[in-house]
Amino acid sequence: MARMRAVDAAVLILEKEGATQLFGLPGAAINPFYSAMRKHGGLQHVLARHVEAASHMAEGYTRAKAGNIGVCIGTSGPAGTDMITGLYSASADSIPILCITGQAPVAKLHKEDFQAVDIASVAGPLTKMAVTVMEPAQVPGTFQKAFRLMREGRPGPVLIDLPLDVQQAEIDFDIETYEPLPIARPAASRAQAE
């Protein structure tokens, strides 16, 4: 099994899940994710002038063609809160988008650190899942669950918040063994329909 940074695993998972287009704005707390995107080179990125615009761009990209998954990226604090309007719009219209935010290191959370906003709590009511990943080894499973939740049942947005130290930590991960989770598609039988 290969050793890699948690953000390298996240980028590989985005590619394997079919994400191709990302919209965002770099910042200190999300820069490791940007370095992983650049290293792997398989994802296209549009630099937004504002993170709220990035969330609306991701939503528009998902709406533009069946099968598209828009991904928006922002740093900690105000960047995450700026994306709330886009998350609300996606939720109201059942649009699956993935929002990835950077965050202060785990040890600084809940200590009123600079820009350490609890974005998972803020976004929770508007998303199908909003989570701050506290352990690096949970990154692959969190992304896998996020993609299933976005697409399953009534589609909608999800938010994954990645603390700086979680992004940079090394984990054991093999992309060759990764498989997207199956999406349940309930359907009525002829008898039920009648």
Side-chain angles (χ1 to χ4, degrees), residues 6-7 10-11 13-14 17 19-34 37 43-64 68-106 108-134 138-139 142-167:
V7 285
V11 167
I13 290 168
L14 286 173
E17 288 278 2
T20 58
Q21 187 66 58
L22 289 74
F23 306 89
L25 201 61
I30 197 65
N31 281 343
F33 185 86
Y34 273 93
M37 281 191 336
L43 299 169
Q44 299 297 312
H45 181 267
V46 173
L47 183 64
R49 294 197 178 211
H50 191 276
V51 257
E52 181 181 351
S55 65
H56 290 297
M57 292 161 90
E59 179 190 3
Y61 180 77
T62 302
R63 288 176 188 261
N68 282 356
I69 291 289
V71 180
C72 54
I73 308 163
T75 191
S76 61
T81 58
D82 286 346
M83 291 188 204
I84 294 299
T85 305
L87 290 172
Y88 172 75
S89 180
S91 178
D93 291 345
S94 303
I95 305 297
I97 64 170
L98 174 60
C99 179
I100 301 169
T101 54
Q103 182 57 273
V106 171
K108 301 215 177 200
L109 297 178
H110 310 295
K111 294 185 179 170
E112 298 182 13
D113 193 57
F114 177 67
Q115 292 194 351
V117 172
D118 183 2
I119 193 63
S121 293
V122 174
L126 305 170
T127 59
K128 293 185 77 175
M129 176 180 84
V131 62
T132 299
V133 183
M134 304 296 270
Q138 293 177 340
V139 168
T142 302
F143 273 81
Q144 188 179 41
K145 181 179 178 184
F147 273 96
R148 187 192 76 220
L149 285 173
M150 278 191 302
R151 296 169 170 150
E152 195 168 71
R154 179 180 179 224
V158 299
L159 179 135
I160 300 175
D161 188 39
L162 298 172
L164 193 55
D165 51 337
V166 169
Q167 292 178 60

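Quick note: residue numbers are just sequence positions, from 1.
Taking CD1 of Ile160 as the start and CD of Gln138 as the end, the distance is 11.5 Å to the nearest 0.5 Å. Rounding to the nearest 0.5 Å gives a distance of 12.5 Å between CE of Met57 and OG1 of Thr62. Between the CG atom of Leu159 and the NZ atom of Lys128 there is a distance of 15.0 Å, given to the nearest 0.5 Å. Going from atom CG of Asp93 over to atom CD of Glu59 covers 6.5 Å, rounded to the nearest 0.5 Å. Atom-to-atom distance recorded for Leu162:CG and Met134:CE is 12.0 Å, nearest 0.5 angstrom. Considering CG of Asp118 and CG of Leu109, their distance stands at 8.0 Å, rounded to 0.5 Å.
Minimum interatomic distance between Asn31 and Pro26 (heavy atoms only, all atoms of both residues): OD1-CB, 3.5 Å. Ile100 approaches Met83 most closely through the heavy-atom pair O-CE, 4.5 Å. The two residues Asp165 and Val106 have their closest heavy-atom pair at OD1-N, 3.0 Å. The shortest non-hydrogen separation linking Tyr61 to Gln21 is CZ-CB, 3.5 Å. Of all heavy-atom pairs between Pro32 and Ala28, the closest is CD-O, 4.0 Å. Smallest separation of non-hydrogen atoms from Gly77 and Val117: CA-CG2, 3.6 Å.
Of the possible polar contacts, one joining the Gln167 side chain to the Phe33 backbone as a donor-acceptor pair under 3.5 Å is found. The closest donor-acceptor contact from the side chain of Asp161 to the backbone of Ala120 lies at 3.5 Å or more, if one exists at all. Put simply, the side chain of Arg154 gets close to the backbone of Ser91: a donor and an acceptor are under 3.5 Å apart. Between the Asp82 side chain and the His50 main chain, no donor and acceptor come within less than 3.5 Å of each other. The backbone N or O of Phe147 lies less than 3.5 Å from no partner atom in the side chain of Glu152, so there is not a single donor-acceptor pair. Side-chain N or O atoms of Ser76 include none that pairs as donor or acceptor with a backbone N or O of Ala104 at under 3.5 Å.
With contacts defined as side-chain heavy-atom distances shorter than 4.5 Å, the pair Ile84/Ser55 does not qualify. The side-chain heavy atoms of Leu25 and Ile30, taken from C-beta on, include no pair separated by under 4.5 Å. Between Pro163 and Pro105 there is no side-chain heavy-atom pair separated by less than 4.5 Å. Met150 places a side-chain heavy atom less than 4.5 Å from the side chain of Leu98. Side chains of Ile69 and Glu17 form no contact here, defined as non-hydrogen atoms less than 4.5 Å apart. In this structure the side chain of Val71 never reaches within 4.5 angstrom of the side chain of Leu43, judged on heavy atoms.
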Next item on the list: Please step through side-chain contact (heavy atoms from CB on, under 4.5 Å) for the pair Gln103 and Val133, ending with a clear verdict.
Entry: CA-CA 10 Å; Gln103 182 57 273; Val133 183; over 6 Å; no
| request: Walk me through it: do Tyr34 and Thr75 pass the test side-chain hydrogen bond (donor to acceptor under 3.5 Å, both in side chains)? | output: CA-CA 11 Å; Tyr34 273 93; Thr75 191; over 6 Å; no
side-chain contact (heavy atoms from CB on, under 4.5 Å) for Ile73 and Met37? Distances and angles first, verdict last.
CA-CA 12 Å; Ile73 308 163; Met37 281 191 336; 3.9 Å; yes
Practice problem: Might you work through the side-chain contact (heavy atoms from CB on, under 4.5 Å) test for Leu164 and Lys108, ending with a clear yes or no? | Solution: CA-CA 10 Å; Leu164 193 55; Lys108 301 215 177 200; over 6 Å; no
(request) Could you walk me through whether Lys145 and Val158 pass the side-chain contact (heavy atoms from CB on, under 4.5 Å) test, one step at a time? (result) CA-CA 10 Å; Lys145 181 179 178 184; Val158 299; over 6 Å; no
